Amino acid sequence: MLKLSEIKNWNVEIEKEITRNWKESELFAFNPKTKKKIYSIDTPPPYINSPIHMGHAVTYCFMDFFARYRRMKGEEVLFPLGLDRNGLPIEMATEKKFKISPFKAGREKFTEYCKKLLNEASTESIDSFARLGISFSSYKEDDTIGSVYNTDSPEYRTLTQSTFIELYKKGLIYEASRINNWDPKLRTTLADSEINYEEIQSTFNDIKWAVKETDEEIVIGTTRPELIATCGMVIYNPEDERYKHLEGKTAISPIFNEEILIKAHPLAQIDKGTGLAMMCSAGDLSDIQFFREMKLTPRIAIGQDGRMNEKAGVLEGLKVKEARGKIIELIKEKGLLIKQEQIIHRTPISERSKAEIEFIEMPEFYLKQRDFKRDIKKIIKDVNFYPRSSKKILDSWIDSVSIDWPISRRRYYATPIPLWYSENLIALAPQGTYTEPWKQNPPKESEVLDVKTKKVLGTVADYPKNKWIGEERVLDTWFDSSISELNMLKYKSDDEFFKKSYPATLRPQGKEIVRTWLYYTILRGFLETGKPCFKDTWIHQHILDGNGRKMSKSSGNVIDPQLILNEDGAEALRFWAATEGDLSKGDFVCSREKIRAERKSLNKLLNISRFVMMFEKPKTKPKLTSLDTLMINYIEGLTALCDKSYEVYDFNHPAQELRNFLWEIFASNYIELVKNRTYNEEEKFTEEESASARYTLHFLLERLLILLYPVIPQITTTIACEKGTDLLTMGWPKAKKTKFKEDEGLIKRLTDFNSMVWKAKKELGISLREPLKDIEIPKELQSFKKDLKACHKI
RNA sequence: GAACCCGUAGGCUAAUGGUAGACCCUCUCGCUUACACCGAGAUGACCCAAGUUCGAUUCUUGGCGGGUUCACCA
C-alpha cells in the first residue's frame, strides 16, 4: 500500500494499482455457506459487443454503493456480473460486422459468426467496471456462486429450457396462429414491449370509390393504399348524416373492383379524413380487433419478407413501400386520386431494427400472461419501489397488457425451443440438459406427448422408428433475461441455497426496461414460485450528455467512461455521481467540469488526513473540551443520517452533507480553530486540552472515512490502511442519539463568526495572523472562547 | 388525447408558508506552519396569472414550457 507522504495528489496511477488488486483478489467473494443475512443484487447484464457507456458506469457505481454499505452492515453480499450475449442485438452486430445475412448464410454458419463476434468482443467493459472499483463478488468466470456469468452459456440456457418445458407441460405455453407484430427486416415476430412509436411523415391519399347500388362516388382517405386489396369493410360513424344513406350498400374498391360492405361503426370518426374509413386486414392493431369483432376473415397481403404476396394482385412481389407507390400510380392513371396530403403520424417501429412494423399472422408460441394480471398486481404490492413513483410505470404497463406474450422468434442466436415433432407426436427435451433441436435428435429420455391432448405417452426410446423434426425457432431474449435472479440464486441447481436466498434482495435497473425486464421477471418469478422475486427494486433515470440529451450511439454523443477514468479517475466520478443528485428521481447531465471538480474534494480529504496523522492519537480517551464534544456529537448525528438514508438507497443527501462537513466544517473551521491547541507550541493550553484536540481529529477523520467508504472506497481505504484500520471488516458504527439540529445550528453560528472575523481582517487589510481588537465573542460561543481567541488572536 | 414528473442565478442543483443554500463558470483580492487541483470575498435566481393566507418560491386552480409513459390516428 502507498504511503500518504508519497502521494502528492490523488491520481489515476494509484487507482490503477488498487483496482487491479481488487480485481485479482477474492476480497469481495461471496460465501454461500454464510450465516449472515444474504443481500443479493440482480444486476442488469450489459451487452458485451459494445463497450459500456457513462450510463452503465454511473449506475453500476450506485449498485456498488449499495453493495459496500451492506457489507459494512455485516451482510453477505451477492453481487455478480452478468454478460448479455443473446438475441437480436448480437445478431444485428454480426450482420453488420461480417456483412452477412443470416437468411443467406444459413443457421450453422451464421451462428458461428455470432460466436466469433462474441469471442472477439473485448473485455474492455469488464476492465472498466474493475477500474471503477465495482466490488463484484468475482471477476472470474467459473461455477461458483457470484462469478461472472454469460447469458448464452449452456448452464443458463439449460435453465431457460427447463422453465420452458415446465410451463409447456402446465399448459401455460401454447402455440397459436395470430396476427402479430412482424419486423420485416429481422423477419421475426415481436412482442408489444419491443415496439416503439415514432413520428413519421406519410401521405394521406383521398381516393375515389364507387357505390354499386347508387352509382355514386365516395371518397376514402388512407395512408395505406397498398392494402386496398385486404379491405374487409367500409365504415362511417353512426352519427354522420352525410353517409347514413349508404348503410348496407356495397362499395367497389378501386383497381381491385371488389365488393365491400358499407356499415356504420363508432370506430369511424366524423372529422377524420372524409369520415369514411376502409378497414383493412392488419393496417394496425385496431384493424385486427375490428376484424375479430366483425367476424371478418383477415386477408394478409404482406409476406414474411416484407413483400406483397399473391393476395395483393398486381402488387405481388413488391416491397410494401414500392407497392404503395405503384398503387398510387395506378389510381392516378384512372383519375381516382382526389388529393394527397402530407401528415405526421405515429408509426409502430421495431425497437431493435427500427423497421416499420407490419401485422402478419404467424404461428407462434405464447406464454399466458393475461390470466395473471391480477396476481401480478397483487404481489408487486409487497415489493418496495425506490422511488415509489416508479411503481406507476409498472402498474400502467400491466393494465395495458392485452395479449399473451409471444415468446418464439424466428432467429438463430438465442436459446432454442427444446421441442421435436413427429406426425402427431411432440417430444420435450428432458429438463436439466441443454439441447439444440435444429441440429440434433431428441435425447432418448425425452418425454413424448400427444400433440392435441398433451398426454404423456412415453419417451423417445419408446418410438425408435419415428423420425423427429427439430423445432427451429428460438426464444425471445427476454424469456432468458427474465430469469436472471433465478439463475443467480441457483434455481433448480442448488435447492438448499435457493431456499435460503430467494427472493433476491434488489433489482436495480433503468426505467426504460420496466415494461420488459422488470415486468417479465416478476411474471416469470411468480409462475415459478408464486412469490414476488425481489424485496426491493431501484429504478434509475438516465445520464444525459452535456447538452441534456440522451446519450446514444446513433446521435454520437456517447461519453466513454474510459476517458474519464484515465483523466479524472474513478473516485472523482463516483463522488460526482453521489453528489450530483438523486438518480432515481431525475436524469443526470454529464459534466466533465463537475467530475473534475470532485478531484479537489479527494485532495482535500487527503490533506486533512495528512494533517491529522502528523499527530499521534492519544491511547486513552481524554476529557473532551466543549468544542470537541460538539464536533463528535455532530458526526454521530451525521452517522445516523447516513445510515437512515443509505438504507433506502439515498446516497445523494448524505454525500452532500459529508462533502459539506469535509470542506466547511472540518477543514475550514474545526482544523483552523484547533491548530493552536493541537500544536500547543506556546503552551497556552493544558496537555489534556491538547490531547482532546488530537483525539477528536482522529475520531472525526476515522468516522468520515467510514461514512464515505461506500462512495469513494479507494481513497478511504488507502487512508484507513495508513491509520492501521480496515474499513471492510471494522463494520458500521452504531449511531448514537444526538440533538443533531441543535448541534448543526451551533456549528453554523461558529462558522459564521469565523467568517466574520476573517472578512473583517481582510477589509482592514491585515494578515490573518495579526491580532484583532474590539471583537466580542457572542454569548452562545463563549464556551469555545479559548480556541477562538487563539485562532483569531483576539 | 390521457396520466405522471418537472420549471429556482449563465449552467447544474438544494431547502423552505416568513432573510432561497451549494457546486461549476465569471470577477476581485490573497502564498495564513494539511492543501495553489488552494484560500478569502463579489456579481447573479424562485415560468406566468388567479386564489387561500397577516404573509406564497413553497399550498390550490388555471395557463405556458419541458420530459416520460400509455392510447389513438382510416
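Computed from a predicted model, the values in this text were never measured in an experiment.
- Checked for salt-bridge contact, A/R574 and A/E598 miss the test: no charged N lies under 4.0 Å from a carboxylate O.
- Comparing B/C46 with B/G17, their C1' atoms sit 14 Å apart, to the nearest whole Å.
- Classification of A/D787 and A/K675 as a salt-bridged pair fails, no side-chain N sitting under 4.0 Å from a carboxylate O.
- Distance noted for atom C1' between B/C23 and B/U13: 8 Å (whole Å).
- Between the C1' atom of B/C31 and the CH2 atom of A/W758 lies a distance of 17 Å, rounded to the nearest Å.
- Comparing B/C12, B/C35, B/C37 against the side chain of A/N607 picks out B/C35 as the nearest.
- A donor-acceptor contact under 3.5 Å is not formed by the side chain of A/K594 with the base of B/C24.
- Contact annotation for A/W663: backbone-only contact, meaning every heavy-atom pair under 4.0 Å involves sugar-phosphate atoms and none involves a base.
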Note to self: Before you tell me yes or no, could you show the steps for A/V12 and A/L565 under side chain to side chain contact (heavy atoms under 4.5 Å, CB included), namely the whole-Å CA-CA distance, both residues' side-chain angles and the distance that decides it to 0.1 Å?
What the structure shows: CA-CA 7 Å; A/V12 294; A/L565 283 170; over 6 Å; no
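- Regarding A/F588, its CZ atom lies at a distance of 17 Å from the P atom of B/C24, rounded to whole Å.
- When rounded to the nearest whole Å, the span between CG of A/N660 and P of B/C23 equals 9 Å.
- Using P as the reference atom, B/G21 and B/U61 are 29 Å apart when rounded to the nearest Å.
- Phosphate proximity of B/U68 to A/K511: absent, as no side-chain N or O sits under 4.0 Å from OP1 or OP2.
- With a cut-off of 3.5 Å on both pairing distances, the Watson-Crick or G-U wobble partner of B/C23 is B/G11.
- When each of A/I207, A/D206, A/I331, A/I220 is tested with A/I338 by the rule side-chain contact (heavy atoms from CB on, under 4.5 Å), just one qualifies, namely A/D206.
- Among the atoms of the strands shown, none is found under 4.0 Å from any heavy atom of A/L602.
- Counting non-hydrogen atoms under 4.0 angstrom, A/E672 reaches a base of the nucleic acid.
- Across the protein-nucleic acid pair, A/E580 atom CD and B/G11 atom P stand 15 Å apart, rounded to whole Å.
- Nucleic acid contact class of A/M613 (heavy atoms, under 4.0 Å, all strands): none.
- Salt bridge status for A/R224 with A/E358: present, with a side-chain N to carboxylate O gap under 4.0 Å.
- Using P as the reference atom, B/C24 and B/C37 are 15 Å apart when rounded to the nearest Å.
- Checking B/C70 for Watson-Crick or G-U wobble geometry (two distances, each under 3.5 Å) identifies B/G1 as its partner.
- The gap from the C1' atom of B/G67 to that of B/C29 amounts to 43 Å, rounded to the nearest Å.
- Residues A/R610 and A/S668 each lie close to RNA chain B; by heavy-atom proximity, the contact nearer the 5' end of the strand is made by A/R610.
- Figure legend. B/C29 is base-paired to B/G39; pairs are counted as Watson-Crick or G-U wobble with both atom distances under 3.5 Å.
- Between the C1' atom of B/U33 and the CD atom of A/E681 lies a distance of 8 Å, rounded to the nearest Å.
- One C1' atom belongs to B/C6, the other to B/C47, and the distance between them is 12 Å to the nearest Å.
- A/E664 has no carboxylate O lying under 4.0 Å from a charged side-chain N of A/R659, or vice versa, which leaves the two without a salt bridge.
- Using a 4.0 Å heavy-atom distance criterion, A/I393 is classed as making no nucleic acid contact.
- Residue A/S755 is in sugar-phosphate contact alone, with no base atom involved, counting any heavy-atom pair closer than 4.0 Å across all strands shown.
- Within the 4.0 angstrom heavy-atom criterion, base atoms lie near A/I671.
- Residue A/K244 places its NZ atom among more than 12 non-hydrogen atoms of other residues, nucleotides or ligands, all under 6.0 Å distant.
- A/R599 has no carboxylate O lying under 4.0 Å from a charged side-chain N of A/E571, or vice versa, which leaves the two without a salt bridge.
- On the C1' atoms, B/C70 is 29 Å away from B/C59, given to the nearest whole Å.
- When Watson-Crick and G-U wobble pairs are counted only if both distances are under 3.5 Å, B/A49 pairs with B/U61.
- Comparing the same atom, P, in B/U33 and in B/G18 gives a spacing of 43 Å after rounding to whole Å.
- One atom, CG of A/N603, and another, P of B/C35, lie 12 Å apart when rounded to the nearest Å.
- Across all strands, A/K604 comes closer than 4.0 Å to base atoms (heavy-atom distances).
- Whole-Å rounding puts the A/L662 CG to B/A22 P distance at 16 Å.
- Of the two residues near RNA chain B, A/S396 and A/N676, the one whose nearest nucleotide lies more 5' is A/N676.
- Atom pair A/E744:CD and B/G21:C1' shows a separation of 12 Å (rounding to whole Å applied).
- In this structure, A/K600 does not reach the B/C23 phosphate: none of its side-chain N or O atoms is under 4.0 Å from OP1 or OP2.
- Between A/H653 and B/A15 there is a side-chain polar atom (N or O) within less than 4.0 angstrom of OP1 or OP2.
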